[in-house]
Amino acid sequence: MSGHSKWSTIKRAKGAADAKRAVLFAKLSKKISIAAREGGSGDPVHNFKLRVEIEKARAQSMPNDNIERAIKKGLGLGGGPAIEQIIYEGYGPFGVALLIEVATDNRNRTVQGVKHALTKSGGSLGSQGSTIWQFETIGQIMIENNGEDMGNFQLIAIEAGAQEIEESKEGLIITTTPTTLGKITTQLKDAGAQIAASEIISRSTQPIVLTAEQEAKIDLLVEQLEGDEDVISVFTSVK
């Protein structure tokens with residue numbers, strides 16, 4: 001999505017009302033469980049992805065007990081149904097391609113929720129392979145502008161192997177390879193950067209330009225999809 005939309009997602013998470021906090025905690029718990037399982041370790045010192053997800057959870061004042069339960073579940077020690085990761089593909093209005101990453105213990109419930117949001121907006125759920133070919137996997141680091149020297153952070157990122165840097169009044173969006181994401185994030189953090197996000201994402205290789213009105217409708221669709229606690233990430237082909 002556009003830079004504006006990326007920062008909007010960060011702001012929505014920060015400003016989550018109490019009524020939405022339970023949904024936010026559920027999402028964070030699933031991300032922690034997935035990171036623990038994929039990294040094969042519940043120790044954030046040796047599992048970079050887990051460390052990032054724990055930091056996000058703590059930034060949202062998620063209790064330590066919740067974090068520990070999520071780690072145990074990811075390692076198969078917490079009981080209950082297993083969490084399944086699925087990527088749904090589809091189209092929103094204006095021909096916008098979508099990738100919707102979910103983590104769920106009830107596939108039927110989740111797919112119905114995704115279908116409902118897409119249909120309501122004038123979009124549709126696609127078949128496997130219908131849109132994923134339009135996306136590439138990259139690392140992305142978002143640094144908030146908190147008055148520090150953004151130029152210094154740019155230099156550090158470039159020297160560490162960053163591929164692209166996008167600057168705006170909100171801060172920096174740095175593109176890396178998936179394999180260099182952890183190293184660059186660590187160096188920026190050590191230099192005092194306020195990391196808003198550090199994750200592997202899917203980016204459109206065929207981005208499309210929308211009008212402000214059209215983009216607002218896509219933003220609304222993304223917000224509706226993200227309102228489902230099973231939906232972890234939404235990627236679009238909006239430039």
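Numbers for residues simply follow the sequence, beginning at 1.
- Taking every heavy atom of both residues into account, A196 and E144 meet most closely at CB-CG, 3.6 Å.
- With 3.5 Å as the limit, one finds a donor-acceptor pair spanning the side chains of T180 and T177.
- Side-chain atoms of N47 come within 3.5 Å of backbone atoms of A35 as a donor-acceptor pair (strictly under, hydrogens ignored).
- With R37 contributing its side chain and I83 its backbone, the two residues share a donor-acceptor pair below 3.5 Å.
- Remark: I71 CD1 to L50 CG distance equals 5.0 Å, nearest 0.5 Å.
- Closest approach of I34 to A103, counting heavy atoms only: CD1-CB, 3.6 Å.
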CA sep, side-chain torsions, deciding dist, call: L118, S124, side-chain contact (heavy atoms from CB on, under 4.5 Å): CA-CA 5 Å; L118 290 173; S124 62; 5.9 Å; no

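- Residue pairs meeting the salt bridge (Lys or Arg N to Asp or Glu O under 4.0 Å) criterion with at least one member in residues 54-66, sequence neighbours excluded, are E53-K56, E55-K189, K56-E199.
- Separating the CD1 atom in I232 from the CD atom in E101 is a distance of 8.5 Å, to the nearest 0.5 Å.
- Note on F235 and I138: same hydrophobic cluster, where clusters join Ile, Leu, Val, Met, Phe, Trp and Tyr whose side-chain heavy atoms are under 4.5 Å apart, directly or indirectly.
- At a threshold of 4.5 Å between side-chain heavy atoms, the hydrophobic network of Ile, Leu, Val, Met, Phe, Trp and Tyr places I165 and I143 in one connected group.
- Of all the heavy atoms in T131 and G90, the pair that sits closest is CG2-O, 3.3 Å.
- Hydrophobic cluster membership is shared by I195 and I200, with clusters built from Ile, Leu, Val, Met, Phe, Trp and Tyr side chains linked at under 4.5 angstrom.
- Counting heavy atoms of neighbouring residues, nucleotides and ligands inside a 6.0 Å radius, atom CD of E136 exceeds 12 of them.
- With contacts defined as side-chain heavy-atom distances shorter than 4.5 Å, the pair F48/V52 qualifies.
- Expressed to the nearest 0.5 Å, how far OG of S121 lies from CG of L220 amounts to 8.5 Å.
- One side chain, E170 or S168, offers a donor N or O that lies under 3.5 Å from an acceptor on the other.
- Between N66 and L28, the closest side-chain pair of non-hydrogen atoms is not below 4.5 Å.
- Every pair tested for salt bridge (Lys or Arg N to Asp or Glu O under 4.0 Å) that includes a residue from residues 121-132 fails, sequence neighbours excluded, so the list is empty.
- Judged purely by atom type and a 3.5 angstrom limit, K49 has no side-chain atom pairing as donor or acceptor with the backbone of G39.
- Within the structure, the salt bridge (Lys or Arg N to Asp or Glu O under 4.0 Å) test picks out the following pairs touching residues 68-89 (sequence neighbours left out): E84-R107.
- Side chains of K217 and L210 form no contact here, defined as non-hydrogen atoms less than 4.5 Å apart.
- Salt bridge absent: K27 and E229 never bring a charged side-chain N and a carboxylate O closer than 4.0 Å.
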Evaluate side-chain contact (heavy atoms from CB on, under 4.5 Å) for E215 paired with F94, printing each intermediate quantity in order.
CA-CA 9 Å; E215 189 168 334; F94 321 117; over 6 Å; no

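- Taken from CZ in R51 to OG1 in T186, the straight-line distance is 5.0 Å, to the nearest 0.5 Å.
- At a threshold of 4.5 Å between side-chain heavy atoms, the hydrophobic network of Ile, Leu, Val, Met, Phe, Trp and Tyr places L125 and L98 in one connected group.
- Of all heavy-atom pairs spanning A70 and I32, the tightest one is CB-CG2, 3.7 Å.
- To the nearest 0.5 angstrom, I100 atom CD1 is 12.0 Å from S202 atom OG.
- In terms of hydrophobic clustering, with Ile, Leu, Val, Met, Phe, Trp and Tyr side chains grouped at heavy-atom distances under 4.5 Å, I208 and V234 are assigned to a common cluster.
- Counting heavy atoms from C-beta outward, K30 and D230 have side chains that approach closer than 4.5 Å.
- Going from atom OG of S33 over to atom CD1 of I67 covers 11.5 Å, rounded to the nearest 0.5 Å.
- Among all heavy-atom pairs drawn from Q60 and F25, the shortest one is O-CE1, 3.6 Å.
- Of the candidates I201, I141, I174, L181 forms a side chain to side chain contact (heavy atoms under 4.5 Å, CB included) with just one, namely I141.
- A 4.5 Å side-chain heavy-atom check between Q140 and I173 finds at least one atom pair inside the cut-off.
- With a 4.5 Å cut-off on side-chain heavy atoms, T236 and S204 do not count as touching.
- In terms of heavy atoms, S237 sits closest to F135 at N-CZ, 4.1 Å.
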